[in-house]
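What follows is a short report on a single structure.
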Amino acid sequence: MAEYDPQRIEAKWQKVWAGRDAFRAVDNDASRPKYYLLEMLPYPSGTLHMGHMRNYTIGDAVARYKRMCGYNVLHPIGWDAFGLPAENAAIKRGIPPREWTNSNIAQMKAVCKRFGFSYDWQREISTCEPEYYRWNQWFFLRMLERGLAYRKRSRVNWCPQCQTVLANEQVIDGFCWQHDTTAVEAKEIDQWFLRITKYSDALLDGVKDLAGGWPERVLIMQQNWIGKSRGTRVRFAVAEMKTDPLEIFTTRVDTIYGVSAVLLSPAHKNLPELLAGVPGSGAIGQQLKAMQQRSVKTEEIAQAEKIGFFTGRFAVNPFSGQRVPIWVANFVLAEYGTGAVMAVPAHDQRDYEFAEKYHLPVKVVVQPASGAPLSADRMAEAYVEYGRLADSGPYTGLASEQAIEKMAADAAAKGFGAAETTYRLKDWGISRQRYWGTPIPVVYCKNDGVVGVPDDQLPVRLPENVTLTGQGKSPLALVPEFLNTTCPKCGGPAERETDTMDTFIDSSWYFYRYTDPHDDRAPFDKAKAAYWFQIDQYIGGVEHAILHLIYSRFFCKVMNELGLVNHREPVKRLFSQGMVLKDGAKMSKSKGNVVGAIDMADKYGCDTGRMYTLFAAPPEKDLEWSEQGIEGSARFLNRVFRLVDKHAERLRAVTLDWSARTDFATATAKEKVLVRKAHQTLKRVTNDFEARWHFNTSVALIMEFVNELTAQEPLDQDVAPAVLKRVLSILVLMLFPMTPHVAEEMWEMLGNSGTIGDQKWPAYREDLAREEQIEIPVQVNGRVRAKVVVEADLNDDDLKERAMADARIAPLVAGKEVARVVVVPKKLVNIVLK
RNA sequence: GCCGAGGUGGCGAAACGGCAGACGCAGUGGACUCAAAAUCCACCGUGGGCAACCACAUGCGGGUUCAAGUCCCGCCCUCGGCACCA
């Protein structure tokens, strides 16, 4: 009697798989379909947590299933190895970032191997290696050539904690994404940007192609993030001043006859000029300063009181010719549209509140299509719906929709405006004043200005042995042998760029590198990428729904233009898995509720852990970690193991013959039950893998199957060994994608040859899954009153008759008039009485 | 405020418009044991009944249907995203 010893079994089979090179993906194999399955590459923090574990378990189950179905599966992993924590470790503990990073990678790799994830380790990449990051530099230079990378002095989000600039995407509610108690500050410095906004429409259009393959919520989040908005740009001349007109952006040009003021953001570039010479500008300057130092937490901004002041200047409404005051208002965003808006109190709630406070006139210029007409003195809030224009000169009487079009066209014809589309998406600021990242490959020369480093001088290596202090500007500026160089154009002295790239660059194209990970002439071979791409299935956490996934799509579009790839979207299907929670909260060190993957594997074995994560919740939902729950999975695997062990000896010598068909005419009753249950389970588990990805129900089905096998004991009576061997083999094969080690062990115990990796996923047979007799509930007026057992192929009329004749039904129906009888074939009978 | 997802036993959860609660956890009773653990068997939504059985029950209120957890309309609550975006 063997004992289930997961530690022994798991080590044993991992060695076998490694010896057979079982997870190697074969480039350009035309003999079978390819399947590119990818999980998001982890940041090597050192600990592999349950979120990773869940992600890789789902991926591994699919990878193993697909291999059994005959696919050439590419299932790679790598390390997102650049980034701040390594630098912080260096500052705090004096460990060089590379050493810290590589030792973390080694630890996490060991855990991945301990879990038996079926990765092709020959394709492992680490983004902090020069062999990888030189291609970040290469991509940057291609973008520089095409004007997609550019330098601009700009107001940036500065995190005092990180001592660096953050992308807009890394600012969450005004706080640093890494330090949620540190408010982000504004700072002006020269920065490199990637022109992602050039692809706003392309990224938006691409969403249509992704529909169906990507979760809808992710696509909606991306659409919102891009934030396309159609409107009109209108120029208001400044009265009594020879200066540039003020441009405003509005989506409601139809309300322009109701303008009471032009509102400028406190950071508007024309303000100094407008304010110059205005009486009391000293006091105004004070107010302005106070306003510019507003709170940066967006939630507070949204709820903050609207304040503003009159500049002393006036602007002219180009449609009506009316003079309106120019104000500065704290709620006007400098970064969106033109940084200036027209205030229409009657038709915009914010303007309404502003007008109430500062006693600006309210003029109704759009009336509702039906109901009582509005008047300014009876309004309690702005009317923001479309309607019919009133008091709007030649446009009076038009519907809003038509007015918007006509007015934009007229503005363009008369030269004071135009229809315009704006986006919320901004260019991607990639400069980081940090050390542990990809050096930006440009030099600054007195003669030639900004010069890209020529391709044959790549990579620009990140110098190591650098003392890090964590203070002020870029650490690389303090390394003279890095900083001082010669200009590639004139040969004269020049200085290198000392900022490094945002690490999101690394992860924007890494999945192409897996197709050709050791190429030293190009980021990847076009033919190899063409063979493997698109990614058939990408799996990761929903926290990457915006940043990583939108940057990756942008890179793909650029790569398409560079002729490197033929497709426009890198990922065909995306799956967002839920979080792993403990006591209702996300596991985190600060909450002290972290369950380490390796501890769990030591205690129960990784197969038990895999089974539990698949069983406890459907993969897209959050999973509440429960110690008792995992005990249950351990019990189940023990039970299966004992069941197989009990019969293994008798079955070992029996040949497994899939072509032998169980003949239901001669089979024993017990054989029929077992074979049917096996094929019914197989049918539904196959469907779970193919369509629904609800592995929790797959596990439940297999448990039911095992319960049935146990209930039919003794299985050495009335069951032919050949039949039992097939039934148990089906059980083991179905378990393999989820709990591969114990499945392999049981496969061997049954005397089967080879490894399961060489086996085909068994095909279920409808004829073997079909029941001869089925139980049909019989309802009277929609309530179940009886159940009748009938032959599965009984026709509707006979079924109806049997239902009516049932001993429990007949008295209920007797003497009553039957209005109708609903018969749902193979499902139910409902007798409706009058 | 806008957008999205979701509310089903003590808990995690099942359920092509067709028997609500599969499967598991916890719990209760029993077998095995000197005893415990492990294992095995039985029970396990609420109320009534000795029982067969009956009634009620999927956040709340309506509706469609022979039949609604599932579809439609109106609310409430929870979670996630966006947020003074003009």
Side-chain angles (χ1 to χ4, degrees), chain A residues 172-173 215-225 227-229 231-232 248-253 255 263 265 298-306 329-333 335-344 347-351 353-354 384 422-424 542-543 545-546 576 578-579 584 611-612 615-618 620-633 635-636 638-639 642 694 696-707 710-711 713 775-787 808 819-833:
Chain A
I172 296 150
D173 285 345
E216 200 183 323
R217 62 177 164 152
V218 172
L219 295 177
I220 288 169
M221 276 190 230
Q222 293 211 352
Q223 279 171 336
N224 291 342
W225 190 261
K228 184 172 184 164
S229 155
T232 313
I248 60 100
F249 175 77
T250 179
T251 55
R252 291 298 304 274
V253 70
T255 65
L263 308 180
S265 85
T298 44
E299 202 178 331
E300 280 167 24
I301 293 168
Q303 280 153 19
E305 200 190 345
K306 290 170 181 37
N330 65 336
F331 64 91
V332 180
L333 300 173
E335 320 83 53
Y336 182 79
T338 60
V341 299
M342 60 181 199
V344 184
H347 303 294
D348 181 285
Q349 188 57 29
R350 290 157 306 183
D351 297 344
E353 286 164 29
F354 194 74
V384 298
T422 58
Y423 300 86
R424 188 185 167 284
V542 74
E543 66 271 20
I546 298 173
S576 293
M579 291 188 298
M611 164 146 288
Y612 175 68
F615 178 58
E620 74 278 7
K621 279 189 69 171
D622 288 349
L623 184 157
E624 173 68 33
W625 189 263
S626 139
E627 203 62 25
Q628 283 117 359
I630 193 162
E631 298 273 1
S633 294
R635 271 202 288 276
F636 172 70
N638 268 295
R639 214 148 71 83
R642 283 197 307 272
H694 276 197
N696 57 326
T697 57
S698 308
V699 176
L701 288 163
I702 294 172
M703 285 173 169
E704 279 187 68
F705 181 23
V706 172
N707 289 346
T710 315
E713 289 277 19
E775 191 184 62
I776 301 281
V778 182
Q779 300 180 332
V780 176
N781 288 339
R783 310 199 64 127
V784 178
R785 297 298 179 187
K787 288 168 188 180
R808 304 222 19 245
R820 64 188 281 206
V821 178
V822 181
V823 176
V824 184
K826 296 185 184 200
K827 276 277 154 57
L828 109 173
V829 178
N830 187 13
I831 301 160
V832 186
L833 302 177

Determine the contact category for [X]: base if any of its heavy atoms lies under 4.0 Å from a base atom, sugar-phosphate if only primed atoms, P, OP1 or OP2 are that close, otherwise nothing.
{"X": "G632(A)", "result": "sugar-phosphate"}
{"X": "N707(A)", "result": "sugar-phosphate"}
{"X": "V341(A)", "result": "base"}
{"X": "S626(A)", "result": "nothing"}

- Item | Where the chi angle of rG59(B) falls, syn if within 90° of 0 and anti if not | anti
Taking atom [atom1] in both [N] and [M], what distance in whole Å separates the two?
{"N": "rG81(B)", "M": "rC85(B)", "atom1": "C1'", "result": "16 Å"}
{"N": "rU58(B)", "M": "rA13(B)", "atom1": "C1'", "result": "13 Å"}
{"N": "rA57(B)", "M": "rG4(B)", "atom1": "C1'", "result": "30 Å"}
{"N": "rG62(B)", "M": "rG12(B)", "atom1": "P", "result": "28 Å"}
{"N": "rC50(B)", "M": "rC66(B)", "atom1": "C1'", "result": "36 Å"}
{"N": "rA42(B)", "M": "rC25(B)", "atom1": "P", "result": "14 Å"}
{"N": "rC41(B)", "M": "rC54(B)", "atom1": "C1'", "result": "30 Å"}
{"N": "rG80(B)", "M": "rA55(B)", "atom1": "P", "result": "43 Å"}

- Assign each of N638(A) and E631(A) the nucleotide of RNA chain B bearing its closest heavy atom; nearer the 5' end lies the nucleotide of E631(A)
- Taking for each residue the nucleotide of RNA chain B with the nearest heavy atom, is it T338(A) or R783(A) whose nucleotide lies nearer the 5' end? R783(A)
- Would you check, one step at a time, whether the test side-chain contact (heavy atoms from CB on, under 4.5 Å) holds for V699(A) with M611(A)? CA-CA 8 Å; V699(A) 176; M611(A) 164 146 288; 3.9 Å; yes
Closest non-hydrogen atom pair, [X] against [Y]:
{"X": "P777(A)", "Y": "K827(A)", "answer": "CD-O, 3.1 Å"}
{"X": "R252(A)", "Y": "M342(A)", "answer": "O-CE, 3.4 Å"}
{"X": "T338(A)", "Y": "I248(A)", "answer": "OG1-CA, 3.3 Å"}

- Using atom types as modelled and distance alone, determine if a side-chain donor or acceptor of N696(A) lies under 3.5 Å from a backbone N or O of F615(A). no
- Query: Would you find more than 12 non-hydrogen atoms of other residues, nucleotides or ligands less than 6.0 Å from E216(A) atom CD?
  - Reply: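 No - once you tally the heavy atoms of other residues, nucleotides and ligands closer than 6.0 Å, there are 12 at most.
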- Query: Any cation-pi pair here, K306(A) with F331(A), using under 6.0 Å and within 45°?
  - Reply: yes
Per [X] side chain, nearest of listed nucleotides [options]:
{"X": "A617(A)", "options": "rA13(B), rA83(B), rC25(B)", "value": "rA13(B)"}
{"X": "M703(A)", "options": "rC23(B), rC56(B), rG12(B)", "value": "rC23(B)"}
{"X": "R217(A)", "options": "rA86(B), rA13(B), rG4(B)", "value": "rG4(B)"}
{"X": "V832(A)", "options": "rA86(B), rC3(B), rC66(B)", "value": "rC66(B)"}
{"X": "R820(A)", "options": "rG4(B), rC66(B), rC84(B)", "value": "rC66(B)"}

- Task: Check the side chains of R783(A) and N830(A) for a donor-acceptor pair under 3.5 angstrom, ignoring hydrogens and angles.
- Result: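 Short answer, no.
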- Without hydrogens or angle criteria, can the side chains of Y336(A) and T422(A) be said to hold a donor-acceptor pair below 3.5 Å? yes
- Message: Could you check whether any side-chain heavy atom of V822(A) comes within less than 4.5 Å of a side-chain heavy atom of L828(A), counting everything from C-beta outward?
- Response: no
- Hey, are the side chains of N224(A) and R424(A) touching, using non-hydrogen atoms and a 4.5 Å cut-off?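 No; the side chains remain at least 4.5 Å from each other.
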- Message: Check the phosphate of rA86(B) against Y336(A), side-chain N and O only, distance under 4.0 Å to OP1 or OP2. Yes or no?
- Response: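 Y336(A) to rA86(B) OP1/OP2: side-chain N or O found under 4.0 Å.
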Atom pairs, protein N/O to nucleotides 18-22 of chain B N/O, distance under 3.5 Å:
{"residue": "rC19(B)", "atom": "O2", "partner": "K787(A)", "partner atom": "NZ", "Å": "2.4"}
{"residue": "rA22(B)", "atom": "O2'", "partner": "E704(A)", "partner atom": "OE2", "Å": "3.2"}

- Item | Per-nucleotide pairing state of RNA chain B [Watson-Crick or G-U, under 3.5 Å; [ ] pseudoknot-crossing; | other strand] | (((((((..(((.....[....))).(((((.......))))).((((....))))..(((((..]....))))))))))))....
